[in-house]
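Just so you know, these numbers come straight off a predicted model, no measurement behind them. In the text below, chain A, chain B and the rest are named by the order of the sequence lines, each starting its count at 1.
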Amino acid sequence: DAGVIQSPRHEVTEMGQEVTLRCKPISGHNSLFWYRQTMMRGLELLIYFNNNVPIDDSGMPEDRFSAKMPNASFSTLKIQPSEPRDSAVYFCASRANISGKVAEKLFFGSGTQLSVL
Amino acid sequence: AQSVTQPDIHITVSEGASLELRCNYSYGATPYLFWYVQSPGQGLQLLLKYFSGDTLVQGIKGFEAEFKRSQSSFNLRKPSVHWSDAAEYFCAVGLGGSNYKLTFGKGTLLTVNP
């Protein structure tokens with residue numbers, strides 16, 4: 001099992017540029033989460049997918065952020081245009097949603113360190 | 001709304017010493033409780049979780065946590081810390097039923113001195 005795979009590991013970009021973060025969840029997991037981690041705010045849930053369908057995007061900061069999950073093995077988080085305050089570590093996590101309950105274990109990727117200059 | 005408080009931002013202990021990391025939650029009912037660990041440059045890994053039953057739960061790497069309803073606490077403990085335990089530790093709470101959300105505390109950074 002390769003775990004949750006995120007790419008790139010590091011991204012440095014200039015303000016105003018488009019940024020795309022990628023995630024491959026663990027095979028067989030049908031719930032996928034995007035989190036953002038900053039010193040000030042800690043870990044924040046941005047969006048949650050179940051069976052490739054966005055269930056709750058209330059954590060997405062603003063319209064500059066969008067996320068897609070075209071199939072069960074791939075998701076993207078896009079920021080357009082990027083701003084310096086978007087600098088953070090972005091984590092993808094997946095979970096088997098056998099019972100639909102929060103009790104199931106979350107598996108995290110290693111994260112993407114984003115720096116917007 | 002549920003919330004999680006980790007009062008200690010940074011803790012330093014000597015190798016071999018005991019460890020206790022504090023976690024308090026705020027919610028009307030008993031939530032599901034978790035402890036995750038994050039090593040530098042890595043994602044979070046589940047250490048242990050509490051759903052119901054025995055209030056003392058055992059986890060991986062020799063960690064344990066005790067749920068105390070009267071104090072709304074779920075403190076993480078280890079009798080003897082190893083240098084490899086240096087990492088950031090996150091407490092998290094989740095609602096039961098079909099709710100999917102976990103709310104994380106802001107973390108406690110553990111430094112282990114030789």
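Side-chain atoms of Lys106(B) never come within 3.5 Å of backbone atoms of Met39(A) as a donor-acceptor pair (strictly under, hydrogens ignored).
Using a 4.5 Å cut-off between heavy atoms, Gln38(B) contacts chain A through its side chain alone, with no backbone atom that close. Only the backbone of Arg41(A) has a heavy atom closer than 4.5 Å to any heavy atom of chain B.
Hydrophobic clustering keeps Leu45(A) apart from Ile79(A) (ILVMFWY residues linked when any side-chain heavy atoms are closer than 4.5 Å, directly or through intermediates). Leu43(A) and Tyr48(A) fall within a single hydrophobic cluster, where Ile, Leu, Val, Met, Phe, Trp and Tyr side chains are chained together by heavy-atom contacts under 4.5 Å. Under the 4.5 Å side-chain heavy-atom criterion for Ile, Leu, Val, Met, Phe, Trp and Tyr, Val4(A) and Phe49(A) are members of distinct hydrophobic clusters.
Two residues are said to be in side-chain contact when any heavy atoms from C-beta on lie closer than 4.5 Å; Leu102(B) and Tyr35(A) meet this criterion.
By the neighbour-count criterion of 12 heavy atoms within 6.0 Å, atom CD of Glu14(A) is sparsely surrounded, having that number or fewer from other residues, nucleotides or ligands. In this structure, Ile9(B) places its CD1 atom where only 12 or fewer heavy-atom neighbours from other residues, nucleotides or ligands lie under 6.0 Å away. Atom CG of Asn71(A) sits in a crowded spot, with more than 12 heavy atoms from other residues, nucleotides or ligands closer than 6.0 Å.
Interface check for chain B: of the options Gln6(A), Arg9(A), Gln37(A), the most heavy-atom pairs under 4.5 Å are formed by Gln37(A). The most heavy-atom pairs under 4.5 Å with chain B, out of Gly109(A), Ser110(A), Ala93(A), come from Ser110(A).
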message: For Leu106(A) and Tyr36(B): C-alpha separation, side-chain torsions, deciding distance, then whether side chain to side chain contact (heavy atoms under 4.5 Å, CB included) applies.
response: CA-CA 10 Å; Leu106(A) 267 181; Tyr36(B) 281 82; 3.4 Å; yes

